[in-house]
Amino acid sequence: WYGTTNYSVRAMMVLPLLAQRAVLSLTTFPTVTGWYQVAGITLATTVSAGLVAAGTGFVDPMRDWDPPTNPLKPLSALVFPSLFEEVLWRGALLPHPSAIITSGSKSLLVLLPWACGVLVVHVLMHPVAAVTIWPRGRAVFGDARFLVLATLVLGGATASYIVSGGSAWAAALTHGIPVALWRDCFG
């Protein structure tokens, strides 16, 4: 691996691992206790993000409230961006918690530095996306208040991923509910 200078060979070695992790995150479901923990994290994340959004003026709850006419529209936030991003950023890029436990590690603490690094890169990809592939998001994704909110929400998604045993579905729930509220109910 280290002696290989052919980067395409290295990529071919890494891509199956990332795909395997992504599939594992989609086939992992929390226990009942795990779902309770995810619900608590989701509630705390959503309330915290809401308070920060209102407190910083990013959202004016009274003026901006505009629920969608199609009540199913918020469900789309659970698929894109939430599930899509969680499979990539948590599922593929983080070691699955079960792999850490079975490898003989006594603690999930070995996962935390890597998870924090992935979180920072994920948050910073928003302004990069705004100036490259999604220019209509430039005003929002470049706003420092949004980046604080993204850190809260994606941090909560990371916590849900870990406590759920590596479920992208749990992380997508924690990610999706605040996104649906902000995008679909507060414009």
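In terms of hydrophobic clustering, with Ile, Leu, Val, Met, Phe, Trp and Tyr side chains grouped at heavy-atom distances under 4.5 Å, Trp89 and Leu154 are assigned to different clusters. Using a 4.5 Å cut-off between side-chain heavy atoms of Ile, Leu, Val, Met, Phe, Trp and Tyr, with links allowed through other members, Val179 and Leu78 fall into different hydrophobic clusters. Under a hydrophobic clustering in which Ile, Leu, Val, Met, Phe, Trp and Tyr are joined whenever their side-chain heavy atoms come within less than 4.5 Å, directly or via other members, Val59 and Leu152 fall into the same cluster. Val123 and Leu149 end up in the same hydrophobic cluster when Ile, Leu, Val, Met, Phe, Trp and Tyr side chains are linked at under 4.5 Å. Both Leu119 and Val148 belong to a common hydrophobic cluster when Ile, Leu, Val, Met, Phe, Trp and Tyr are linked at side-chain heavy-atom distances under 4.5 angstrom.
Separating the CG atom in Leu93 from the CG atom in Leu17 is a distance of 10.0 Å, to the nearest 0.5 Å. Taking CD1 of Ile133 as the start and CE of Met125 as the end, the distance is 7.0 Å to the nearest 0.5 Å. Here CD1 of Ile162 is found 13.0 Å from OG of Ser167. Values are rounded to the nearest 0.5 Å. In this structure, CG in Leu18 is found 8.5 Å from CG in Leu88, a value given to the nearest 0.5 Å.
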Query raised in the report: Is there a side chain to side chain contact (heavy atoms under 4.5 Å, CB included) between Gln37 and Val32 once you walk through the steps?
Result: CA-CA 9 Å; Gln37 292 171 328; Val32 171; over 6 Å; no
Query raised in the report: Can Phe141 and Val128 be said to form a side chain to side chain contact (heavy atoms under 4.5 Å, CB included), step by step?
Result: CA-CA 8 Å; Phe141 285 179; Val128 170; over 6 Å; no
Requested in this report: Please assess Trp65 against Cys185 for the test side chain to side chain contact (heavy atoms under 4.5 Å, CB included), listing each intermediate value before the final yes or no.
Outcome: CA-CA 6 Å; Trp65 176 250; Cys185 296; 3.4 Å; yes
Report task. Report the C-alpha separation of Val79 and Phe84 in whole Å, then their side-chain angles, then the decisive distance to 0.1 Å, and conclude whether the side chain to side chain contact (heavy atoms under 4.5 Å, CB included) test is met. Result -> CA-CA 6 Å; Val79 176; Phe84 176 81; over 6 Å; no
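Nearest heavy atom pair, residue Val153 against residue Ala49, reads CG2-CB, 4.0 Å. Nearest heavy atom pair, residue Leu94 against residue Ala115, reads CD2-CA, 3.5 Å. Of all heavy-atom pairs between Pro95 and Trp114, the closest is CD-CD1, 3.4 Å. Contact record, Ser160 with Val38: OG-CG1, 3.8 Å, taken as the closest heavy-atom pair. Taking all atoms of both residues into account, the shortest heavy-atom contact from Leu24 to Ser98 is CD2-OG, 4.2 Å.
When the shell of 6.0 Å around OH of Tyr36 is examined, it contains 12 or fewer heavy atoms from other residues, nucleotides or ligands.
Side-chain atoms of Pro127 and Leu147, non-hydrogen and from C-beta on, do get closer than 4.5 Å to each other. Within the 4.5 Å cutoff, no side-chain heavy atoms of Leu124 are placed close to those of Val121. In this structure the side chain of Thr158 never reaches within 4.5 angstrom of the side chain of Val118, judged on heavy atoms. Under the 4.5 Å side-chain criterion, counting only non-hydrogen atoms from C-beta, Asp66 is not in contact with Phe186. At a threshold of 4.5 Å between non-hydrogen side-chain atoms, the residues His122 and Arg90 count as touching.
For the residue pair His96 / Ser25, no side-chain donor-acceptor distance below 3.5 Å is found, with atom types taken as modelled. Side-chain contact annotation: Arg183 with Ser76, donor-acceptor N/O pair under 3.5 Å present. Donor-acceptor pairing under 3.5 Å is recorded for the side chains of Thr42 and Thr174.
Applying the side chain to side chain contact (heavy atoms under 4.5 Å, CB included) criterion to Leu83, with sequence neighbours excluded, gives Leu26, Val87, Ala168, Trp169, Ala172.
Between the side chain of Trp35 and the main chain of Ser164, no donor-acceptor pair closer than 3.5 Å is present. Side chain of Arg21 to main chain of Gly91: no donor-acceptor pair is present (N/O by atom type, distance under 3.5 Å, no hydrogens or angles).
Between Phe146 and Trp182, the ring planes lie tilted relative to each other; the angle falls in the 30° to 60° range.
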